[in-house]
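In what follows, a structure is listed as structure tokens, so that the remarks can point back to it.
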Amino acid sequence: MKAIVITSPGGPPEVLELHEVEEPSLRDDEVLIQVAAAGLNRADTLQRKGGHPPPPNTPPYPGLECSGTVIALGPALSPGSPFNIGDQVCALLNGGGYAEKVAVPVGQVLLAPQGVSLRDAACFPEVCCTVWSTVFMTSHLSPGESFLVHGGSSGIGTFAIQIAKYLGIKVFTTAGSEEKLSACKDLGADVCINYKTEDFVARIKEETAGKGVNVILDNMGGSYFQRNLESLSVDGRLFIIGFQGGTVSQVNLSPILAKRLTIQAAGLRGRSAENKAKIVKEVEKNVWPAIKEGKVKPIVYKTLPLSEAAEAHRLMESSSHIGKILLIP
């Protein structure tokens, strides 16, 4: 089969090349998927640069989510437990999505949601599992509360805005252009803040009568840490999922004590198979109905052939996109 190989770890996008590679080996509890589309994530660019390595016994090729068709079942799986050959599915991957085929633990596979194309179903697994496991399962964001998601025009952001609005939450978001802010507003964001021209702390205090928001989902890390603390309400929760603004910050800790703040951080790739399976079940239960109802939609910015993975990475690193970028084998 063909897959995208990182020919020189640590290199620019051009190190991503389409090569002929060995077929995936299928373990007892895995399903083999013929990939229809693979979703790009920021973590893929980190892997290309030499960070965010795949877990043990994982294909070396990038790709953390895909959609496609089940073409084989592992020896421990019988038909209908829970999938059959021919089922259209999407999956949260440990790696290896930039390929024509990928083997996936059965607990990380979902039937493709009703109401979207098989191609577009690749938009959902990584973003849904990331947002649901952090903001909802851990930070317990609830109807009637307020929520700030940074980078509202990203794949994570466009999904987070939609699912939060579906659940009756007031949504604040930041983005860096009027085009992106307009897209966020169209998706349901209540307060859209241009971080290049506005102080998001001041705007949030203005919009909340000085109280702050209940939960923040942050992809920036160090550069936003102090301002995030200042933007939270009493008993507020900050969840960090990325360090695009660095890992180091000099911080005044007083707001943490004064407002009883909770600060957490986590990734998704390094979690156990059991934990990922639990998250996937929660996503299927809580998110799939919203997709079926048309309340949460796939936001596809661009599709490219698998052979143009380097161009896809350049596009992602330019941060000019709104929503998801997909690769098609």
Side-chain angles (χ1 to χ4, degrees), residues 1-4 23-41 44 58-59 61-133 155 159 163 268-269 271 273-294 296-300 303 306 324-329:
M1 72 166 187
K2 289 184 170 61
I4 292 295
E23 296 272 331
S25 58
L26 197 57
R27 297 185 179 87
D28 284 354
D29 64 344
E30 291 182 332
V31 301
L32 187 62
I33 297 173
Q34 182 80 44
V35 176
L40 260 73
N41 291 278
D44 301 342
T58 298
Y61 326 119
L64 297 173
E65 61 187 342
C66 76
S67 61
T69 303
V70 175
I71 56 173
L73 302 174
L77 302 176
S78 56
S81 62
F83 301 105
N84 293 297
I85 292 174
D87 281 348
Q88 294 192 333
V89 297
C90 56
L92 176 68
L93 309 177
N94 301 329
Y98 290 18
E100 293 177 327
K101 301 174 187 176
V102 63
V104 192
V106 67
Q108 294 168 215
V109 182
L110 308 97
L111 287 173
Q114 296 181 36
V116 301
S117 69
L118 182 59
R119 183 203 74 171
D120 288 357
C123 292
F124 289 121
E126 175 77 11
V127 296
C128 292
C129 289
T130 295
V131 173
W132 197 263
S133 65
F159 168 72
I163 193 64
L268 191 58
R269 190 178 204 178
R271 295 176 186 246
E274 293 76 16
N275 190 232
K276 289 178 182 177
K278 179 181 178 181
I279 294 167
V280 164
K281 284 184 179 179
E282 288 291 312
V283 164
E284 189 170 32
K285 175 184 175 183
N286 294 286
V287 178
W288 259 218
I291 298 172
K292 182 180 179 181
E293 292 173 30
V296 171
K297 298 177 180 179
I299 309 300
V300 179
T303 61
L306 183 62
K324 295 291 290 186
I325 302 164
L326 302 180
L327 290 172
I328 311 298

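Residue numbers start at 1 and run along the sequence shown.
Glu30 places a side-chain N or O within donor-acceptor distance of the main-chain N or O of Arg27, the cut-off being under 3.5 Å. At distances below 3.5 Å, at least one donor-acceptor pair connects side-chain atoms of Glu65 with backbone N or O atoms of Glu126. In this structure, the side chain of Ser81 does not engage the main chain of Leu77 through any donor-acceptor pair within 3.5 Å. The main-chain N or O of Lys2 is found under 3.5 Å from a side-chain atom of Glu100 such that the two form a donor-acceptor pair.
The CD1 atom of Ile299 sits 9.5 Å away from the CG atom of Asp120 when rounded to the nearest 0.5 Å. Atoms CG and CG, from Leu73 and Leu26 in turn, are 8.0 Å apart once rounded to the nearest 0.5 Å. Here the CG atom belonging to Leu268 is positioned 6.0 Å from the SG atom belonging to Cys129, to the nearest 0.5 angstrom.
Here the side chains of Leu327 and Leu40 are in contact, with some heavy-atom distance below 4.5 Å. A heavy-atom distance below 4.5 Å is not found between the side chains of Val283 and Phe124. Looking only at side-chain heavy atoms (C-beta outward), Met1 and Pro24 come within less than 4.5 Å of each other. Between Tyr98 and Asp44, the closest side-chain pair of non-hydrogen atoms falls below 4.5 Å. The side-chain heavy atoms of Ile163 and Cys128, taken from C-beta on, include no pair separated by under 4.5 Å. Within the 4.5 Å cutoff, the side chain of Lys276 has no heavy atoms near those of the Pro105 side chain.
The nearest pair of heavy atoms linking Arg119 to Leu326 is O-CD1, 3.7 Å. Summarising the geometry of Val104 relative to Leu92, their closest heavy-atom pair is CG1-O, 3.7 Å, with the distance given to 0.1 Å. What you find for Lys324 and Asn41 is that their closest heavy atoms are NZ-OD1, 3.2 Å. Here the closest heavy-atom approach between residue Leu118 and residue Ser67 is recorded as O-OG, 2.7 Å. The two residues Val106 and Pro82 come nearest to each other via the heavy atoms CG2-CD, 3.6 Å. Across all their heavy atoms, Cys90 and Pro113 have their closest contact at SG-CD, 4.2 Å.
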>> Determine whether Asp87 and Leu111 satisfy the following criterion, side chain to side chain contact (heavy atoms under 4.5 Å, CB included), listing intermediate values before the conclusion.
In response: CA-CA 7 Å; Asp87 281 348; Leu111 287 173; 4.0 Å; yes
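Of the residues Val31, Ile33, Leu32, the one that meets the side-chain contact (heavy atoms from CB on, under 4.5 Å) test with Val102 is Ile33.
Within 6.0 Å of CD on Gln114 lie no more than 12 heavy atoms contributed by other residues, nucleotides or ligands.
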